[in-house]
Protein chains: 2
Amino acid sequence: MFDKLFQKLEEKIQLSEKDKKRIASFFEIKKLRKKELLLQEADYCKNLAFVATGVLKSYSVDDKGQKHISLLAWEGWWVSDFKSFICEEKAILSIDAIEDSEVLLLSRSNYEKLLIEVPAMERYFRILYQNSLITKDRRLISSNTYTAEEKYLQLIKMYPFISQRIPQNLIASYLGITTETISRIKKNLHKDN
Amino acid sequence: MFDKLFQKLEEKIQLSEKDKKRIASFFEIKKLRKKELLLQEADYCKNLAFVATGVLKSYSVDDKGQKHISLLAWEGWWVSDFKSFICEEKAILSIDAIEDSEVLLLSRSNYEKLLIEVPAMERYFRILYQNSLITKDRRLISSNTYTAEEKYLQLIKMYPFISQRIPQNLIASYLGITTETISRIKKNLHKDN
DNA sequence: CGTCTCGTTGAGAGTTTTCAATGTAAGTGG
DNA sequence: CCACTTACATTGAAAACTCTCAACGAGACG
């Protein structure tokens with residue numbers, strides 16, 4: 001269960017066996033069935049979740065009841081309603097499992113303790129957030145700059161196998177467009193060949 | 001010149017006078033005239049910039065020559081092409097001054113040194129990035145969820161005085177819409193009163 | 001077999017952009 | 001101080017893009 005976590009941590013920082021044991025002790029293991037909720041909107045987000053296996057999605061729901069996916073979290077990714085987790089406010093995101101999944105949960109107090117007791121983790125999270133910022137920046141530029149078709153093509157290029165694992169309607173929601181629009185984009189692409 | 005920097009740092013971490021002197025030694029001061037470039041697209045982004053006074057904007061230019069502002073950086077904000085800075089790639093963003101400004105530059109090698117020599121700065125940047133992530137997340141959700149009018153109103157609510165300092169066409173670019181659209185939104189708002 | 005989920009298609013509606021023209025305020029050099 | 005230029009905002013009309021709604025189809029699953 002912790003293999004994936006340590007693998008990801010060790011991409012960015014060095015850890016002794018002792019560190020690893022200490023780190024593991026801060027996490028709680030949770031299994032999720034497909035569609036099961038990890039976080040319900042308006043609850044407090046008590047954990048940072050590391051996805052060991054499976055895929056989760058985090059999303060918000062607007063006034064008209066439409067879902068907007070903010071993150072697709074695969075194995076090796078972290079997911080939470082960050083603002084709720086950090087600021088101890090009510091969550092505006094919900095999080096659930098797209099497939100049966102296993103996650104490692106890190107509570108707020110354990111997060112703080114971990115950062116202090118294992119200084120390398122302070123560094124790990126700084127680097128993780130630094131990289132996430134880069135990704136988010138590009139997504140934001142992309143979202144404001146490109147048409148639906150361009151955004152879709154960029155996504156496919158970045159994650160060629162995404163449609164084998166994520167239904168089209170969720171991909172659409174992630175891109176901020178409708179599933180019908182994707183359907184038409186695919187049709188046009190075929191025409192052009 | 002460094003007052004603003006220390007003020008911002010001390011919102012998040014504690015610093016001794018000795019730390020402050022050490023920190024200051026890593027920075028280089030630069031003054032920018034209105035419209036002067038801090039970073040040119042396709043150059044390498046060699047610095048993290050802290051805005052001491054003034055406002056800068058970072059933006060990308062698409063195939064059609066249109067500018068898309070990714071960040072408006074006021075006093076107390078940091079700005080850079082993060083990906084270029086961290087990964088040492090060519091920048092896709094340009095950065096210039098909207099007003100006469102003063103910035104403090106932190107080079108890549110000084111950044112690394114600073115994080116190691118002053119551990120509190122590791123913590124500072126972790127918290128800074130953590131908060132930036134929260135903001136970016138909300139912007140991304142907003143960008144994918146709301147209409148031009150809703151996005152504009154949200155921005156005005158968040159930064160009531162923004163239009164006193166930032167021309168409308170730049171605000172439009174920041175929101176990923178056109179200045180004409182903002183003009184029409186304002187017209188409609190007056191009608192409703 | 002029936003139900004549920006997911007994707008496709010068409011037609012019409014809505015939003016935002018594009019392009020072009022005009023207005024207005026501010027800044028510069030003579 | 002005026003004339004000229006430049007930057008920025010407004011308005012209209014047409015075009016482009018994407019959505020909405022509704023119907024239909026295909027596959028998975030119990």
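Atom set for the values below is all heavy atoms of this structure, side chains included, hydrogens, waters and symmetry mates excluded.
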K.L.:
Can you establish whether the number of heavy atoms outside B:Arg33 located under 6.0 Å from its atom CZ is more than 12?
P.N.:
no
K.L.:
Does C:dT8 have OP1 or OP2 sitting under 4.0 Å from an N or O in the side chain of A:Gln168?
P.N.:
yes
K.L.:
Could you please name the option among C:dT8, D:dC8, D:dT10 that lies closest to any side-chain atom of B:Pro167?
P.N.:
D:dC8
K.L.:
So for the helix from C:dC1-D:dG30 to C:dG30-D:dC1, with five pairs setting each end axis, what is the inter-axis angle to 10°?
P.N.:
40°
K.L.:
Within the side chain of A:Thr53, is there an N or O that forms a donor-acceptor pair under 3.5 Å with the backbone of A:Glu102?
P.N.:
yes
K.L.:
Return the value, rounded to whole Å, for the distance between atom CD of A:Glu99 and atom C1' of D:dA28.
P.N.:
16 Å
K.L.:
Check the interface with nucleotides 5-7 of chain D: list each N/O to N/O pair with the protein under 3.5 Å, or write none.
P.N.:
none

K.L.:
Check the orientation of B:Phe27 and B:Phe2. Use parallel for under 30°, tilted for 30 to 60°, and perpendicular for over 60°.
P.N.:
perpendicular
K.L.:
Tell me: CG of B:Asn188 to P of D:dG12, nearest whole Å?
P.N.:
11 Å
K.L.:
Would one find a side-chain N or O of B:Asn169 under 4.0 angstrom from OP1 or OP2 of D:dA9?
P.N.:
yes
K.L.:
Do the ring planes of B:Tyr111 and B:Phe125 sit parallel (below 30°), tilted (30 to 60°) or perpendicular (above 60°)?
P.N.:
perpendicular
K.L.:
Can you tell me if B:Ser70 and A:Asp137 form a side-chain donor-acceptor pair at under 3.5 Å?
P.N.:
no
K.L.:
Would you say A:Leu39 ends up clustered with A:Phe50 if hydrophobic residues are merged whenever their side chains have heavy atoms under 4.5 Å apart, either directly or through other cluster members?
P.N.:
no
K.L.:
Taking all non-hydrogen atoms of both residues into account, name the closest pair between B:Glu150 and B:Thr147 and its distance.
P.N.:
OE1-N, 2.9 Å
K.L.:
Could you check how far OH of A:Tyr152 sits from C1' of D:dC17, rounded to whole Å?
P.N.:
18 Å
K.L.:
Does B:Ser58 reach the main-chain N or O of B:Ile95 with its side chain, forming a donor-acceptor pair under 3.5 Å?
P.N.:
no
K.L.:
Within a reach of under 6.0 Å around NZ of B:Lys46, are more than 12 heavy atoms found that belong to other residues, nucleotides or ligands?
P.N.:
no
K.L.:
Between A:Phe82 and A:Tyr129, is the ring centre distance below 6.0 Å?
P.N.:
yes
K.L.:
When the distance from CD1 of A:Ile182 to P of C:dC6 is rounded to whole Å, what number comes out?
P.N.:
14 Å
K.L.:
Can you see which heavy atom on B:Ile86 is nearest to which on B:Arg108, and at what distance?
P.N.:
O-NH1, 2.5 Å
K.L.:
Of the options D:dT10, C:dT9, D:dG12, whose atoms approach the side-chain atoms of B:Lys187 most closely?
P.N.:
D:dG12
K.L.:
Tell me the interatomic distance from A:Asn144, atom CG, to D:dT18, atom P, rounded to whole angstroms.
P.N.:
14 Å
K.L.:
Which comes earlier along DNA chain D counting from the 5' end, the contact point of A:Thr179 or that of B:Thr179, where each point is its nearest nucleotide?
P.N.:
B:Thr179
K.L.:
Spell out protein contact along nucleotides 12-19 of chain C as letters: B when the base is contacted, S when just the sugar-phosphate is, - when no protein heavy atom is under 4.0 Å; keep the 5' to 3' order.
P.N.:
----SBBB
K.L.:
Using whole Å, what does the distance between atom P of nucleotide C:dA25 and atom CD of B:Gln164 come to?
P.N.:
18 Å
